[in-house]
Amino acid sequence: MGEADRPGEQPRTLMLVDGHGLAYRAFHALPDTLATSSGEPTNAVFGFTSMLLEVLRALKPDYAIVCFDSGRTFRHDVYAEYKAHRPEMADDLRHQMERIRQILEVLNVPIMVKEGYEADDLIGSLAAIARRRGLEVVIVTGDSDLLQLVDGGVRVVLPGRQRFGEFRVFDRQAVIERYGFAPERIPEFKALVGDTSDNIPGVPGIGEKTATKLIQAYPSLEAMVERLEEITPPRIREALRANAEQAFQSRELATIVADLDLDFDPEACRVGSYDRDRALALFRELEFRSLVPKLPEPIQRSAPATPRLQPSSQRMAVLTPADLARLLDDLAQAKAIALDVETTALHPMYADLVGIALATAPDRSYYIPLAHTTGDDQLPADRVREALAPHLRRADLAVFAHHGKYDALVLERAGFPRPRIAFDTMIAAYLLGETSIGLKELAFTKLGLEMQQIEELIGRGRKQITMDQTQIAQAMDYACADVEATYRLVDVLRPALAEQRQERLFHEIELPLIDVLIDMEEVGIAIDTDFLSELSTQLDGQIRQLEREIYRLSGHPFNINSTQQLARVLFDELHLPRGPRTKTGYSVSQEVLESLRDAHPIVNAILEYRQLLKLKSTYVDALPRQVHPQTGRVHTIFHQTVAATGRLSSSDPNLQNIPARSELGQQVRRAFIADNRPGYRPFDEPVVFLSADYSQIELRLMAHFSGDEALTRAFWEGKDIHAATAAEVFGVSLDAVTPEMRRIAKVVNFGIMYGMQAFGLARDTGMSRQDAQRFIEAYFSRFPGVSRYLEETRRRAAEQGYVESLFGRRRYVPDITSSNPNRRLAAERMAVNMPLQGTAADIMKLAMIQVHRAIAERGLRSRMLLQVHDELLFEAPESEVQELAALAVSLMEGVVELDVPLVVDAKVGQNWNDLEPIQVKLAR
DNA sequence: TCCAGCTC
DNA sequence: GAGCTGGA
């Protein structure tokens, strides 16, 4: 029987997907950075799949077909130029079309292609057939041309303008609201306006506004031509008269055929029956983790093919002394456990312990609730601490964790012994170059497990609760699944590290560093809040004054912080010359403003206003808010797995970008003080800051790696490297180097390490492009080793797909072979920079471990507070500072032996700004 | 989310 | 080249 409406039943819905249209739109709407970790581009596949699943979920169609274009279409016979302008499908997209076919195959969505026709025509015809059989139709496309098919029972879905994943549904009313006329008149609209992408000529001189008016005023194109005489203005009338034939032809081109005779068996297109396992495997291959939850429930299976949880695992909530005894028995036998803490906050210094999860085997786990507000049957924390402490201290018990630095610090703050992390799955994944290193992502990509998302437990947005408010049984399932996955991941990641020969990097640098970082995060640093609040008041006055000045000069008040409003004032009202554009308008960046300094007095005021406000909001006002209520100090988080080069990063607050250059910046730096505040002083004697920083470490590494003779010699001779560079390149003696020559040489030295081209050098020095180019050439002829090294690094990167630091840290640069020159050049810059920045990071990390260990071994009370890439900041009792300085300098300089000396400068002072060099008496 | 601006 | 944060 047919699909005609049956009494009392909702009409069924057919979803028709415009395969090319949607893929094409996704390809251009989504960034081409969307790719798998191996570099396969997936933006079109991802956008297509995301939209498909979203519509399936939201509109729940009963049937679905995806239509694709075939080769040559009848339109070529009508108009030879049709689509002649369209560029050949980009290779990146062509490849992705095959992936889309695979997606559709595993989702069991049928594909329709018909020789000589485009997807539009199939869709139009299928829609008509489906309507005749009483089905509702939903057309999913990226091409707004299809809006002409909208009718009573036909709706069109287009991707959202802002987010591709979201979609807009157009019914008849929505089309009328958007265009001002009915859907069926869209072909006439296109016939008048033309469409360059389809190479439809249209009527020259008629734009969207005029076309809309004409369509609203006349019932058809024929009527317009018949009643030509009444059309005004004459320009339009004549344009129409001269191009009437072309307009009719254009309309034909723009009209979607809806009368093909197609076989259509709805039952063959039923939504829902598909092989979930195969779909998951393909999603895994494409790294579409975020799309997994959007997969429809298969109707032919009662349970998902891949278990969400491991059904064979034994889990228990540890609630009674008997439970605890059982856990301890198990622990006593264990050689390794996976550990995870559940808490109330992301910042380890502000997180309260809510529960502890432990796995003693991949399929055996425990959850010990400690502070759930939902149950009163939890064991007392003291009892749990006493029970676990001996095990956490056991040298023969390996503790696995995912982001163990966090767990260890939280446990320590809760009174437990700090566990030593024997394997950290997050760090391992980071070293391996995995693109997603979250536990849930790794469980999916490495183990094929679909893990419960934290949001499923605690919700999201305004209704989000904290972990302590969850039910114990639910928290147990969540936390136990995490530790079991962690346990299993170790077995996958360990051999992978061996395979990449990164065991030493992992075991001798990254893992030992965890302990150092925990100490630094826990100790924190003191700031002078009184000083900052005074500074804030003072800045406030200056800012208000500048604000008044700016309003006066512009003639009216406006929001100076809004880049859009500011651009309007500068370029529209004051008519200052516009510079480069951003996506949303004209740039009002510092760089642009600097160039306009002389054009109008308001520019200077704005620059100064910006600087003051930036420093005030980012540092002066923000830092005091970050003082910990219990410790009275500021505790940053050091991230070990964020930077692509192996550097650390810092956040909450970021203490690695405290101002240093400007006068005001130095004021901010002065607020970081050695903690001699009454009531806070950590020891019974005054403390001071010791700062130890590597001098020119990356340039030294450049000398080492490149073996360049001139550069190496300059370092051995202890020369001012920028002056020495200037002398070489300008061909003068060292004494004859002017400050300007040195400045340029300095920019070049930095630029070379960043893979800078002549353009960047010209921009940063104020030279002309030609001069910059000549300068770079002169540099390379003076330092041929550097030139060879850069070339060799790029070549190797292209050959193996990654670059390495001295200690085997890797960075993958898949774009190094991209056909897009911008992306390829960017990849080349990353490739030449990483070995320098990455090796510097390795060296610093090793030094931190050694200095930290030496401090402990010598029983010193000095504490390492901060690492800022090439600088270590310590707080030391005055009586220790000499010893500490000698220790830090000698260990830092001696971390590795290179072909150039490593040099460390040490300085001492009461605050982070006013530091004086300290003469280091090297022991022995 | 983007832009701007602070660091090494 | 590498980061993080504030503001719209």
Side-chain angles (χ1 to χ4, degrees), chain A residues 31 160-164 558-568 580-594 606-623 625-626 636-662 664-666 668-669 672 691 693-699 701-702 749-757 760 764 790 793 803 805 809 811 813 825-841 844 866-873 912:
Chain A
R161 282 181 189 283
Q162 304 299 324
R163 286 158 185 257
F164 193 87
F558 64 99
N559 187 345
I560 309 165
N561 300 324
S562 159
T563 48
Q564 287 178 29
Q565 289 188 38
L566 184 59
R568 215 175 301 139
R581 285 195 64 105
T582 66
K583 276 179 199 159
T584 46
Y586 289 94
S587 169
V588 287
S589 67
Q590 193 163 3
E591 193 182 339
V592 171
L593 264 45
E594 300 274 3
I606 291 167
L607 279 166
E608 202 173 335
Y609 169 92
R610 277 238 185 112
Q611 196 212 350
L612 298 191
L613 192 70
K614 173 79 183 182
L615 263 66
K616 180 172 185 285
S617 63
T618 313
Y619 305 105
V620 179
D621 292 344
L623 282 171
R625 285 198 294 266
Q626 306 267 6
T636 186
I637 302 173
F638 286 105
H639 303 272
Q640 208 177 344
T641 57
V642 169
T645 53
R647 274 190 177 180
L648 296 178
S649 78
S650 153
S651 75
D652 304 284
N654 180 357
L655 296 185
Q656 290 182 323
N657 73 340
I658 301 302
R661 288 183 62 244
S662 69
L664 178 58
Q666 295 187 22
V668 174
R669 212 161 249 250
F672 289 80
S691 159
D693 71 289
Y694 280 109
S695 159
Q696 306 293 354
I697 185 165
E698 290 182 16
L699 268 184
L701 288 167
M702 171 68 97
N749 275 333
F750 279 97
I752 294 296
M753 290 186 299
Y754 298 156
M756 188 191 261
Q757 317 278 313
D764 291 356
L790 295 178
T793 305
V803 285
S805 75
R809 188 186 300 280
R811 175 168 194 180
V813 281
L825 287 171
E828 288 180 359
R829 288 192 290 271
M830 294 176 204
V832 300
N833 176 250
M834 188 275 172
L836 304 172
Q837 202 180 105
T839 304
M844 178 54 107
L866 298 177
Q867 185 252 49
V868 191
H869 310 309
D870 60 3
E871 172 187 11
L872 289 179
L873 187 70
W912 199 5

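So you know, we letter chains A, B, ... as the sequences are listed, proteins then strands, and number each from 1. Predicted, not measured: the structure shown is a model, and the values here were computed from it.
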- Item | Which atom of A:Leu648 lies closest to which atom of A:His869, heavy atoms considered | O-CE1, 3.4 Å
- Check whether any side-chain N or O of A:Thr636 sits under 3.5 Å from a backbone N or O of A:Asp652 as a donor-acceptor pair, and report yes or no. no
- Item | Qualifying residues under side-chain contact (heavy atoms from CB on, under 4.5 Å), relative to A:Ala644, sequence neighbours excluded | A:Arg811
- Message: Could you report the tightest heavy-atom contact between A:Glu698 and A:Asn833, atom names first, then the distance?
- Response: OE1-ND2, 4.5 Å
- Query: Backbone N or O of A:Asn561 within a donor-acceptor pair of the A:Tyr609 side chain at under 3.5 Å?
  - Reply: no
- Would you find more than 12 non-hydrogen atoms of other residues, nucleotides or ligands less than 6.0 Å from A:Glu591 atom CD? no
- Heavy atoms of A:Leu836 and A:Leu701 approach each other most closely as O-CD1, 3.5 Å
- Item | Bounds of contact between DNA chain C and chain A, in 5' to 3' order, using a heavy-atom cut-off under 4.0 Å | C:dG1 to C:dA8
- Query: Can any side-chain N or O of A:Gln656 pair as donor or acceptor with the backbone N or O of A:Gln867 at less than 3.5 Å?
  - Reply: yes
- Query: Looking for any heavy atom pair under 4.0 Å, which part of the strands does A:Ala840 touch: base, sugar-phosphate only, or nothing?
  - Reply: nothing
- Query: Under 4.0 angstrom, heavy atoms only, what part of the nucleic acid is A:Ala622 near: base, sugar-phosphate, or nothing?
  - Reply: sugar-phosphate
- Query: Base, backbone or nothing for each nucleotide of nucleotides 3-8 of chain B, written B, S, -, heavy atoms under 4.0 angstrom, 5' to 3'?
  - Reply: SBBBSB
